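What follows is a set of notes on a single structure, which appears directly below.
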Amino acid sequence: MICLVLSVLILGSCKKEEIQRPNILWINSDDLGPELACYGNPDVTTPHIDQLAAEGVRFTKAYSNSPVCSSSRSSLITGMYPPSVNSHDHRTINMTDLPEGIKPITEYFRKAGYFVSLGDAKDMSKMGKADYNFLNKKMYDGPDWSGRAKGQPFFAQVHIKYPHRTFEEHVKNPVDPNNVALPACYPDHPLLRADWALYLESVQHCDDYVGKILKRLEDESLADNTIVFFFGDHGRPHLRDKQFLYEGGIKIPLIVRWPQKLKPKVDGQLVSLVDVAATSLNLAGIKLPEHLQGQVFLGEKANEREYVYAFRDRAGNAVDNIRSITDGRHKLIWNRMASTPYMQLSSYKKAQYPAFTLYKVLHARGQLQKPFNLFMAEKRPEIELYDLGKDPMEAHNLADNPAYSDIKKELFDNLKDRMPAFEKNMVPETSETTAKAKQGSYNYYVSLMEKRGLDPDISDEDYLKYWEKRLLNQN
C-alpha cells in the first residue's frame, strides 16, 4: 500500500514537472537580414516582429554560420559547424550520415519526452523546409505541435519562406523605391532601388506570418510557457550578400522571448546560429551533448563568445572556399580560392538577381564606379580585413594596413588554427559530383528562362532590358 502511494506521488510529480517544462519554438525565416523596424530600418513595416522584440531579448550581433540555406540549416539542427558534419556544400548530392556520435538535436528533445515538429507557416498541415545536407531518418513527429499528447511539451520549428526570392508585393504596405535607403554597398540605381523595395515588402509578408504564429500561441494559452526563437537562416538575398561572408550574407536578426523568465532587453553579445541548439536544450533542462560546437548564450551556463566563424563552399555551380572570423568589431575573410572572381557564374543569381546582370552591363560600359567595381575583379585578395565600426559595409580592405597588422595576425592565426578541427569530417566532392551539381544549377537557369520566354543565351544588354521592363515598367 505504501509502495502504491509512493508510486502515485512520484508519477503525479513527474506529470506536473512535464507539464511545466517549456515549449521551444523556432520561427525560421528564409534569407532574412536585420532589415526590420526594430533593428532601425525606417522603410519597412514589421509590427509583429517589433512587438516580439519589445517583449524579448533582441540580439544586435547575431550571425549565421553559412550564407546559404542548406549548410546553415544543417549546422542549426546539429549544433555543429557545417564542415564538421560534412554539410558544407549547398545541397550536397552525395550525402553521408552524420559522423559517429553526432545526432540532430531533435533526438535529444524526443528522448526527453518532447513532441518534435516542423511545419510550413503557410499551411501547418504540411512539413516545412528542412534542407539538410546529411542523410537522416524520420526526424519529426509531424508538421504541427497540435499532434502532441495532452500536456506533452513540444520542440517546434515553423518555416517562413519570406523574404526568399522571388519577391512578392505587399499590397497593404507598399514600399516606395524612391524613398528607400539603399545599403551603401550598392550603387544608387533605379533598378536596385526597385529590387530592394520588393525585398522589404517580402520582409513584411514574413512579419504577417509571425503575427499569425504568435496569435495562435495566445489563443491556445501557450505563450507564457513557450520560448520563442525568431531568426533568419542567413543574410539577405542580394548580390554581395547571400553566398558571401560579408555582413549582408551572414548577419541576421535574432530575438528570444520567454515571458516572465527573460527580461526584455537589447543584447550586444556575439551570437552564432550554431549556438541556438545548445541554448534551446539548456533552457529546456536537457543535458548538453559534449560534442556540440555551439555554446549557451542565455540562462544558466551562458558563456559569451569571443569569435564567430562562418563557412562558404560550393553553392550551385559557383564553387568556392571561404572562411571568416569576427570578434564583433573586426572581420577577417580568408579566400582560399582567391583566383576565383566574385562574379563567377552563379546560375541562380543570374536567373534571379537583377544586380548580377546590371553590374556586368555597367562594368562593360565603364559606368560602375569605385568601390562597386572592385566586385568585378578577376581575382580576390587572399585576406580581407574590415573594421566594422568604421566601415560596416566592408568597402575598405585593411589587410595590408600596418596599423592593423596585430589584429590581422590575431584573427588569422585563430581562424587557421581552428580549421583542422572544424574540417575533420569534411569530405571533398569529387570532380564528377561537382560537374553534376553545376549541370543541375544550369538546368534550373535554362528552365526558368524558358518559362519567361527568354533565350538562355540572351545578351547581358537584352537581359537588362527584361529586368527594366519587369521592375521599372520600361519598354
Side-chain angles (χ1 to χ4, degrees), residues 23-32 46 48-49 52 64 68-78 87 90-92 95 104-107 109-110 114-150 152-171 201-223 226-234 237 252-253 273 276-277 280 348 352 440 444 447-448 451:
N23 306 307
I24 307 291
L25 172 60
W26 290 0
I27 304 176
N28 190 343
S29 178
D30 219 340
D31 290 24
L32 178 66
T46 51
H48 303 106
I49 299 172
L52 183 68
S64 170
V68 287
C69 303
S70 64
S71 50
S72 174
R73 290 166 183 261
S74 300
S75 173
L76 177 68
I77 201 63
T78 58
S87 296
H90 182 41
R91 292 180 182 152
T92 303
M95 291 185 184
I105 67 162
T106 50
E107 292 201 23
F109 273 105
R110 187 181 281 129
Y114 276 69
F115 181 87
V116 178
S117 64
L118 170 62
D120 187 324
K122 270 194 168 183
D123 184 351
M124 288 292 289
S125 69
K126 296 181 179 179
M127 295 297 293
K129 179 179 180 179
D131 215 3
Y132 304 137
N133 285 337
F134 53 85
L135 295 173
N136 57 88
K137 299 176 182 177
K138 184 182 178 184
M139 288 174 53
Y140 298 97
D141 299 317
D144 194 305
W145 66 73
S146 63
R148 72 193 189 285
K150 184 178 181 180
Q152 183 182 14
F154 61 82
F155 166 51
Q157 297 175 71
V158 179
H159 166 247
I160 299 176
K161 79 164 192 173
Y162 299 102
H164 196 289
R165 290 178 186 263
T166 302
F167 299 147
E168 294 182 22
E169 294 180 353
H170 196 279
V171 177
E201 292 191 31
S202 290
V203 171
Q204 293 175 167
H205 282 295
C206 170
D207 184 77
D208 292 340
Y209 280 102
V210 170
K212 292 176 182 178
I213 296 165
L214 297 180
K215 184 178 184 301
R216 179 181 170 190
L217 290 179
E218 293 287 349
D219 292 345
E220 296 180 5
S221 300
L222 294 170
T226 299
I227 307 173
V228 176
F229 290 77
F230 169 77
F231 50 84
D233 63 351
H234 56 75
I252 58 168
L273 264 190
V276 171
S280 297
Y348 164 70
Q352 294 281 22
Y444 159 81
S447 175
L448 185 58
K451 287 180 181 178

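Because the structure is a prediction, the values reported are computed rather than measured.
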- request: I would like to know whether W26 and I77 meet side-chain contact (heavy atoms from CB on, under 4.5 Å); could you show each step before the answer?
  value: CA-CA 11 Å; W26 290 0; I77 201 63; 4.1 Å; yes

- prompt: To the nearest 0.5 Å, how far apart are CE in M95 and OG in S87?
  reply: 8.0 Å

task: List the atom of L76, the atom of L273, and the distance in Å for their closest heavy-atom pair.
output: CD1-O, 3.6 Å

Worked check of side-chain contact (heavy atoms from CB on, under 4.5 Å) between T106 and L118: CA-CA 10 Å; T106 50; L118 170 62; over 6 Å; no

- request: Quick one: closest heavy-atom pair of S202 and Y162, and the distance?
  value: O-CB, 3.3 Å

- request: Answer whether the closest heavy-atom distance between the side chains of Q352 and L448 falls below 4.5 Å.
  value: yes

- prompt: At what distance, to the nearest 0.5 angstrom, does CZ of R148 lie from OG of S117?
  reply: 9.0 Å

- prompt: Which heavy-atom pair separates S125 from P143 by the least distance, and what is that distance?
  reply: O-CG, 3.5 Å

field: Approximate separation, where rounding is to 0.5 Å, of K137 NZ and L135 CG
entry: 10.5 Å

message: Counting C-beta onward and ignoring hydrogens, is there a side-chain heavy-atom pair between V203 and I49 closer than 4.5 Å?
response: no

message: Nearest 0.5 Å, please: how far is CD in E168 from SG in C206?
response: 12.5 Å

query: Given side chains that start at C-beta, do those of S74 and F134 come closer than 4.5 Å, heavy atoms only?
result: yes

field: Check: R165 and Y348 side chains under 4.5 Å, non-hydrogen atoms
entry: yes

- line: Between Y132 and R73 the two heavy atoms that sit nearest each other are CE2-O, 3.5 Å

message: Would C69 and D31 count as a side-chain contact (heavy atoms from CB on, under 4.5 Å) here? Give the steps.
response: CA-CA 8 Å; C69 303; D31 290 24; 3.7 Å; yes

- prompt: Which distance, rounded to the nearest 0.5 Å, do you find between the CZ of F230 and the CG of D207?
  reply: 8.0 Å

query: Is the shortest heavy-atom distance from the side chain of P237 to the side chain of F167 under 4.5 Å?
result: yes

- prompt: Can you find a pair of side-chain heavy atoms, one from L32 and one from P253, that are under 4.5 Å apart?
  reply: yes

field: Contact summary for H48 and L214, nearest pair of heavy atoms
entry: O-CD1, 4.1 Å

task: Decide yes or no for F155 and R110: does some side-chain heavy atom of the first lie under 4.5 Å from some side-chain heavy atom of the second?
output: no

query: Is there a side-chain contact between W145 and N23, using heavy atoms and a 4.5 Å cut-off?
result: no

- prompt: Which is it for Q157 and H159 under the side-chain contact (heavy atoms from CB on, under 4.5 Å) test, yes or no, and what are the steps along the way?
  reply: CA-CA 6 Å; Q157 297 175 71; H159 166 247; over 6 Å; no

query: Just one of D131, N133, D233 clears the side chain to side chain donor-acceptor pair (under 3.5 Å) bar with S70, so which one?
result: N133

- prompt: Is the side chain of R216 donor-acceptor paired with the backbone N or O of L222 at a distance under 3.5 Å, no angle test?
  reply: no

query: Above 12 or not: heavy atoms from other molecules or residues under 6.0 Å from CD of E107?
result: yes

field: Separation of K161 NZ from T166 OG1 (nearest 0.5 Å)
entry: 8.0 Å

statement: Heavy atoms of F115 and G142 approach each other most closely as CZ-N, 4.3 Å

